[in-house]
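These notes are about the structure you will find just below.
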Amino acid sequence: MSANTTLEPAANPRASLFRRLPVVSHFNKSVGLQRFMLVVGLVLTGIFLLTALAAPLLAPYGFAQLSDADGSFPTQQAPGGKHLLGTTVGGYDVLSRVIWGTQTALLVIIVAVVLSIFAGVILGLVSGYIGGWLDRILVVVADAIYAFPSLLVAIVMAIVISGGQSSLFGGILAAAISITVVFIPQYFRVIRAETIRLKAEPFVESAKVVGASNIRIMTRHIYRNATRTLPLIFTLNASESILTLAGLGFLGFGIEPSSAAEWGFDLNKALADTTSGIWWTGLFPGLAIVWTVLGLTLVGESINDLNDPRLRGRKRSGRKAAAGAPATPAAPAAATGSGAETESSNP
Amino acid sequence: MTSLIDAPPSDADALLPPKKKQAGGGLGQYILVRFLLIFPTILILVTMVFFLMRITGDPITAAMGGRLPPEQLQERIHAAGYDRPLLVQYFEYLGQLVTGNFGTTLSDNRKVTEMLTTYGAATLELSINAIIVALLVGIPLGMVAAHRRDHLPDAVLRILAILFYATPVFFAGMLLKLVFSVWLGWLPVAGRAGTRTELSLTALEAPTGIYWLDALRSGNMAAFSDVMSHAVLPALALGLLTAGVFLRLVRTNVIGTLGKDYVEAGRSRGVSEFRLVTKHAYKPALIPIITVMGLQIAVLLGGAVLTETTFEWKGLGFQLANYLTARDFVAVQGIVVLLAVIVAVTNFIVDIIAALIDPRVRY
């Protein structure tokens with residue numbers, strides 16, 4: 001089955017460590033358009049990261065600042081002059097909020113993805129390795145959550161965590177945990193499928209014969225092998241978590257403007273401005289979201305395509321041979337990245 | 001929001017009891033087992049939503065807390081039975097659900113079922129419009145991209161597909177509104193229809209609630225064009241999001257089938273390249289699209305919540321946002337449960353269609 005296409009060694013094992021790093025090895029494999037997309041993605045993501053790190057230096061004002069030495073900021077002022085991108089209806093400086101928003105986004109990505117990898121990997125390992133009724137229950141629960149609109153799951157979690165109120169302290173954490181719950185099933189599925197496959201491998205059997213404990217087999221033998229596809233899901237989830245955060249913010253579950261800058265919340269406030277032709281309050285936060293998601297998605301997509309030999313671009317001379325690529329109905333699953341998941345449908 | 005990991009096949013198969021080798025048959029059994037699996041899925045979601053929402057407290061305190069004196073609050077909590085053990089309430093709630101009683105909303109005191117049917121039609125209309133846009137845009141463009149693989153059109157379309165995905169629906173909606181409604185003044189800013197149309201449509205006998213259908217049935221062409229002009233922008237905003245997914249999917253699958261021997265054979269017989277793409281390679285590539293369409297329903301419903309809020313489209317999503325702001329968790333729970341049922345049933349139907357088309361799914 002197509003499941004193992006993503007598991008080919010990422011690079012020549014004898015190459016230097018640097019050349020074997022995920023993104024670097026993918027860069028070396030890429031040609032033409034694919035390399036272009038990867039590079040554009042890396043540049044966009046790089047600028048996002050740099051902005052987040054240097055936000056205090058770059059932003060002309062604080063994200064919650066309403067006045068400076070000359071007095072209060074005007075409200076809904078058009079871009080130009082002291083406020084390069086204008087001011088909002090509440091009197092915030094749009095540029096500053098866009099820049100500070102990168103920090104919020106980055107924090108939420110990190111917390112959400114780290115938490116969901118942590119929980120998803122553990123659950124997937126245990127469920128796949130132990131099997132039995134525990135496995136069945138976890139699969140049904142994960143499937144139920146997975147099938148459900150992720151934004152609604154995040155909304156329910158946001159209600160639970162913050163009671164629907166965005167408090168000063170918990171804003172970022174609440175958003176991150178809400179998003180985590182959406183992602184756990186994804187990691188769970190991938191890791192579980194891999195674990196089930198690896199469980200039958202001879203090296204696991206030998207470890208058992210030698211007398212290794214179950215925990216040791218799980219943590220050393222299976223874990224190392226099962227987590228190879230994670231970088232891909234990581235990049236895709238990072239972009240999705242930005243979208244979910246923005247969606248939550250847009251529905252009013254965001255973070256109060258006084259505690260952090262959040263693009264979705266700003267877009268919500270800008271919605272009413274649009275009708276009266278005030279475009280700058282919504283356009284720039286929106287572009288910031290598109291910029292970040294686009295960057296992360298381009299990187300994730302490129303890695304995905306480069307991992308799949310059938311989708312990898314090839315130099316012109318090689319095209320003829322490529323035409324004979326296999327095309328089973330299962331192709332889309334492999335083509336869309338989580339090839340390993342096809343495992344579960346034919347155990 | 002959407003996931004780019006589009007189409008993981010349902011894990012349901014993994015749950016089925018070890019299959020006995022039945023050569024060829026077993027479709028009936030497959031459908032039965034798959035049907036029975038709907039119920040645990042819904043039950044799990046209902047259970048999770050119920051307990052998660054109650055961890056934070058009872059709905060009445062959430063909705064009215066601070067606005068009523070404590071004694072009165074206590075009285076209302078007691079009257080509604082929210083001071084009883086959680087498990088008792090849970091089983092009572094399940095019992096009510098089975099009989100189709102979703103309770104009464106706290107903020108505007110309506111039957112939840114009535115609220116669901118009123119606004120559900122609007123959401124259904126939006127979803128249908130969006131799917132039409134997605135199919136009209138996604139499939140032809142996907143075929144073009146596959147046909148011109150690795151050339152400029154393919155490159156542009158692939159980047160376009162990613163751009164569709166990267167743009168949140170509410171931002172896309174806002175831009176569309178700004179350009180077409182505010183600056184150009186071509187289309188209405190928000191809502192489902194003008195006031196007069198809305199009145200004439202609700203006055204109809206047994207309205208379906210789907211406005212363009214009602215307008216067509218009444219033969220009122222002015223109302224029909226009014227409804228359509230309101231429908232364009234929301235359908236575009238939500239449809240383009242899904243169009244990107246369809247584009248990528250059609251492209252990948254058509255590229256796959258274009259490499260098959262029978263396509264090569266067609267080519268050698270002199271079948272035109274256009275016909276090869278649109279007829280020979282496209283049809284077999286449709287099967288996975290059906291599966292993904294089912295999964296897209298969840299994405300679509302999530303997107304509908306945001307689209308409706310952007311365009312003040314008075315459907316379930318718009319109401320959900322309102323009830324969230326009002327902290328009316330009884331209503332929220334009702335909407336979430338309804339969506340869970342819709343998603344579970346859609347996935348069931350899609351699985352069955354996939355099994356009917358491709359016997360390998362149910363082996």
Side-chain angles (χ1 to χ4, degrees), chain A residues 32-33 37 136 139-141 143-144 147-152 155-157 159-160 163-164 186 189 233 236 239-240 243-244 246-247 250-252 267 270-271 274-275 277 279 282 286 289-290 293-294 297-298 300-301 313 323-325 327 329 331-333 335-338 341-342 344-345 347, chain B residues 1 3-15 40-41 44-45 49 52-53 55-56 62 150 155 162-163 165-168 170-171 174 177-178 182 189 249 252-253 256-257 259-260 287-288 292 298-299 301-302 305-306 309-310 321 324-325 327 329 336 339-340 343-344 347 358 360:
Chain A
L33 175 67
M37 283 168 61
R136 290 200 175 181
V139 168
V140 175
V141 173
D143 261 11
F148 204 56
S150 53
L151 184 66
L152 291 182
I155 289 174
V156 172
M157 286 314 292
I159 294 177
V160 174
Q186 296 181 11
R189 295 171 72 116
I233 318 180
L236 291 181
S239 58
E240 207 187 324
L243 288 174
T244 312
F250 183 73
L251 289 177
L267 274 170
L271 191 57
T274 314
T275 325
W279 49 273
I289 297 175
V290 175
V293 176
L294 192 62
T297 311
L298 281 173
E301 284 282 287
T336 48
S338 38
E341 289 178 353
T342 47
S344 53
S345 59
Chain B
M1 287 276 101
S3 165
L4 275 188
I5 307 173
D6 315 70
S10 163
D11 253 348
D13 300 352
L15 293 167
T41 311
I44 286 167
L45 282 171
V49 170
L52 286 176
M53 301 267 248
I55 290 176
T56 43
D150 293 338
I162 296 179
L163 207 58
Y165 165 78
T167 312
F170 47 91
F171 181 52
M174 203 181 266
K177 242 165 104 161
L178 196 64
V182 179
V189 179
L249 200 69
T252 321
N253 283 295
T257 41
K260 290 235 166 154
I287 299 170
V292 170
V299 176
L301 289 176
V305 174
L306 297 166
T309 313
T310 314
L324 281 171
T325 327
R327 319 239 166 278
F329 295 153
V336 172
L339 295 182
V343 170
N347 282 344
D358 186 352
R360 274 171 297 185

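In what follows, every chain begins at residue 1, and chains take the letters A, B, ... in the order their sequences are listed. FYI, side chains are in, hydrogens and waters are out, and symmetry mates aren't considered; it's all heavy atoms of this structure. Bear in mind that the values here come from a model prediction, so they are computed numbers and not experimental data.
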Legend entry - Atom pair CG (A:Leu298) and CD1 (B:Ile162), whose distance is rounded to the nearest 0.5 Å: 4.5 Å
Legend entry - Shortest non-hydrogen contact from B:Pro168 toward A:Val290: CD-CG2, 4.1 Å
Inset, instruction - List the atom of A:Leu151, the atom of B:Gly302, and the distance in Å for their closest heavy-atom pair. - result: CD2-O, 3.8 Å
Inset, instruction - Using side-chain contact (heavy atoms from CB on, under 4.5 Å) as the criterion, list what pairs up with A:Val141, not counting sequence neighbours. - result: A:Ile137, A:Ile145, B:Ile44, B:Met48
Inset, instruction - Select, from B:Thr310, B:Val49, B:Asn347, the one with the greatest count of heavy-atom pairs under 4.5 Å involving chain A. - result: B:Thr310
Legend entry - Residue, of B:Pro40, B:Ala321, B:Ala155, that accumulates the most heavy atom pairs under 4.5 Å with chain A: B:Ala155
Inset, instruction - Any chance you could measure A:Ile289, atom CD1, to B:Thr167, atom OG1, to the nearest 0.5 Å? - result: 9.5 Å
Legend entry - Interface residue of largest heavy-atom contact number with chain A, from B:Leu339, B:Leu178, B:Val343, under 4.5 Å: B:Leu178
Legend entry - Taking every non-hydrogen atom, the tightest pair across A:Ser239 and B:Tyr165: OG-OH, 3.8 Å
Inset, instruction - Against chain A, label B:Val336 side chain, backbone, both or neither, depending on which of its atoms sit under 4.5 Å from a heavy atom there. - result: both
Inset, instruction - Would you mind checking which part of A:Leu267 comes under 4.5 Å of any heavy atom in chain B, side chain (CB onward), backbone (N, CA, C, O), both or neither? - result: both
Inset, instruction - Side-chain contact test, heavy atoms from C-beta onward, threshold under 4.5 Å: evaluate it for A:Phe250 versus B:Leu306 and give yes or no. - result: yes
